Amino acid sequence: MKAAFYDRPVVEVAQDLIGCVVSDDGCAGVIVETEAYHQSEPASHSFIGLRPHNRTVFGPPGRAYVYRSYGIHACLNAVCEAPGVGAAVLIRALEPVEGIELMQARRGVERLENLCSGPGKLTQALRIELSDDDCDLSVGPVVFTARPRAWRDPEIAASRRIGITKAIELEWRFSAVGSRFLSRPALSRVV
DNA sequence: CATGGGATTGACT
DNA sequence: GTCAATCCCATGC
């Protein structure tokens, strides 16, 4: 998708990314779970304002923001909204589509449901690293593409974001209804 | 300069 | 259910 797709309110983009495809390094998967983060709410990395480590989130839309979580995992985001605004969509789970054997080798697990069912898992499966930070998602190495035909108009559920301690009341987590590939089940309202 | 806390995961009780 | 692993940066003395 072009930059204009991401240059919209981050909560909209988070829903529209469900069903889109992420490709990288010989593997691909359909996005089945996302979360929106925005500088206006305290759970966001950008809430504290522009800093060296979060500068990518304030940059132009359509880039990857990759950060290290708990010192161990890399997490993948798509930067949204206008330059200067800190907003991004966290990619939390994929349905594996391509390069399954590669993903299984990298993850050390067989079950398809365990390959990309979490933000740290999918980056390991696709070998996404901190070096991919700030890459253009329409160019790569990490590439996002529009929904395939089978994913046109998916049913989407909204629920509370996972693993945060602030702004927990916001229902800014979005997931594909009925997917077996989520990081956790989403017993929640359908949008 | 020391300390503490994560947008997590996997192993273990 | 609990808990450690382990990095980067924010905060406070």
Side-chain angles (χ1 to χ4, degrees), chain A residues 6 9-15 17-18 20 22 27 29 31-59 61 63-81 85-96 103-135 137 142 144 156-176 180-186 188:
Chain A
Y6 304 93
V10 67
V11 172
E12 273 181 35
V13 180
Q15 294 170 69
L17 278 174
I18 299 290
C20 294
V22 180
C27 302
I31 299 172
V32 292
E33 182 179 340
T34 63
E35 283 177 3
Y37 288 88
H38 189 269
Q39 62 181 24
S40 61
E41 43 89 14
S44 170
H45 289 174
S46 49
F47 182 70
I48 57 170
L50 180 59
R51 294 283 195 289
H53 75 277
N54 64 15
R55 70 194 143 72
T56 311
V57 196
F58 290 89
R63 305 276 190 87
Y65 167 51
V66 183
Y67 68 91
R68 187 166 299 293
S69 176
Y70 291 90
I72 301 175
H73 309 100
C75 293
L76 171 68
N77 297 251
V79 176
C80 295
E81 308 202 10
V85 179
V89 175
L90 172 67
I91 309 302
R92 286 195 56 90
L94 304 177
E95 174 174 330
M103 294 187 191
Q104 288 169 328
R106 289 171 182 163
R107 293 269 304 119
V109 296
E110 293 287 312
R111 275 181 68 87
L112 298 187
E113 287 88 345
N114 288 343
L115 291 182
C116 300
S117 52
K121 295 179 184 179
L122 69 92
T123 54
Q124 184 184 25
L126 301 200
R127 202 190 271 156
I128 292 169
E129 260 309 326
L130 297 195
S131 56
D132 293 305
D133 183 61
D134 206 30
C135 92
L137 292 173
V142 183
F144 282 30
I156 297 172
S159 54
R160 290 182 172 187
R161 295 176 291 181
I162 293 172
I164 56 171
T165 57
K166 300 168 220 164
I168 59 172
E169 71 284 355
L170 292 177
E171 296 198 320
W172 282 8
R173 173 182 178 234
F174 302 100
S175 52
R180 306 146 44 210
F181 302 96
L182 305 179
S183 66
R184 329 192 36 150
S188 49

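Convention: sequence-line order gives letters A, B, ...; per-chain numbering from 1. No experiment lies behind these values; they were computed from the predicted model shown.
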In whole Å, measure the gap between the P atoms of B:dG4 and C:dA4 for me.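 Here B:dG4 and C:dA4 have their P atoms 15 Å from each other.
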Could I get a table of every N or O pair under 3.5 Å where one atom is in the protein and the other is in nucleotides 7-13 of chain C?
{"unit_1": "C:dC7", "atom_1": "O4'", "unit_2": "A:Gly71", "atom_2": "O", "d": "3.2"}
{"unit_1": "C:dA10", "atom_1": "OP1", "unit_2": "A:His53", "atom_2": "ND1", "d": "2.8"}

Find the distance [X]:[atom1] to [N]:[atom2] and express it as a whole number of Å.
| X | N | atom1 | atom2 | result |
| --- | --- | --- | --- | --- |
| A:Arg111 | B:dG10 | CZ | P | 14 Å |
| A:His73 | C:dA5 | NE2 | P | 14 Å |
| A:His38 | B:dA7 | NE2 | P | 18 Å |
| A:Arg184 | B:dA7 | CZ | C1' | 14 Å |
| A:Arg160 | B:dA7 | CZ | C1' | 16 Å |
| A:Ile128 | B:dT8 | CD1 | P | 16 Å |
| A:Arg161 | B:dG6 | CZ | P | 14 Å |
| A:Leu90 | B:dG6 | CG | C1' | 13 Å |

Identified pairing partner of C:dT6, criterion: Watson-Crick or G-U wobble below 3.5 Å: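 Paired with C:dT6, as far as the under-3.5 Å criterion goes, is no nucleotide at all.
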For B:dA7, the Watson-Crick or wobble partner whose two distances fall under 3.5 Å: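 Matched B:dA7 with nothing under the 3.5 Å cut-off.
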Option from A:Glu41, A:Glu171, A:Glu35, A:Glu33 for which salt bridge (charged side-chain N to carboxylate O under 4.0 Å, His left out) with A:Arg161 holds: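 Output: one option passes, namely A:Glu41.
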Option passing side-chain contact (heavy atoms from CB on, under 4.5 Å) with A:Arg92 (candidates A:Ser183, A:Ser175, A:Cys75, A:Cys116):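 So, applying the side-chain contact (heavy atoms from CB on, under 4.5 Å) to A:Arg92 and each of A:Ser183, A:Ser175, A:Cys75, A:Cys116, only A:Ser183 qualifies.
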Upstream residue (5' side of DNA chain B) when A:Tyr65 and A:Lys121 are each assigned their closest nucleotide: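 The 5'-side residue here is A:Tyr65.
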With heavy atoms under 4.0 Å as the rule, sort A:Arg107 into base, sugar-phosphate or nothing.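 It contacts sugar-phosphate atoms only.
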Heavy-atom check, side chain of A:Ser117 versus side chain of A:Phe181, under 4.5 Å: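 A side-chain contact is absent here, since even the closest heavy-atom pair is not under 4.5 Å.
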Stacking between A:Tyr37 and B:dA7, defined as ring centres under 5.5 angstrom apart with planes under 30°, is that present or not?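 The ring of A:Tyr37 is stacked on B:dA7.
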Under 4.0 angstrom between A:Lys166 side-chain N/O and B:dA7 OP1 or OP2: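 A:Lys166 to B:dA7 OP1/OP2: no side-chain N or O under 4.0 Å.
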Smallest separation among heavy atoms of A:Ile91 and A:Leu94, with atom names: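 Result for this residue pair: CG2-CD2, 3.9 Å.
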Nearest atoms (heavy-atom pairs only) where A:Asp132 meets A:Arg127: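 Heavy atoms of A:Asp132 and A:Arg127 come nearest at OD2-O, 4.0 Å.
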Which distance, rounded to the nearest 0.5 Å, do you find between the CG of A:Leu90 and the CG of A:Asn77?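 One finds 5.0 Å between CG of A:Leu90 and CG of A:Asn77.
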Tell me yes or no: between the side chains of A:Gln124 and A:Arg106, is some donor less than 3.5 Å from an acceptor?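 Side-chain D/A pair, A:Gln124 to A:Arg106: absent.
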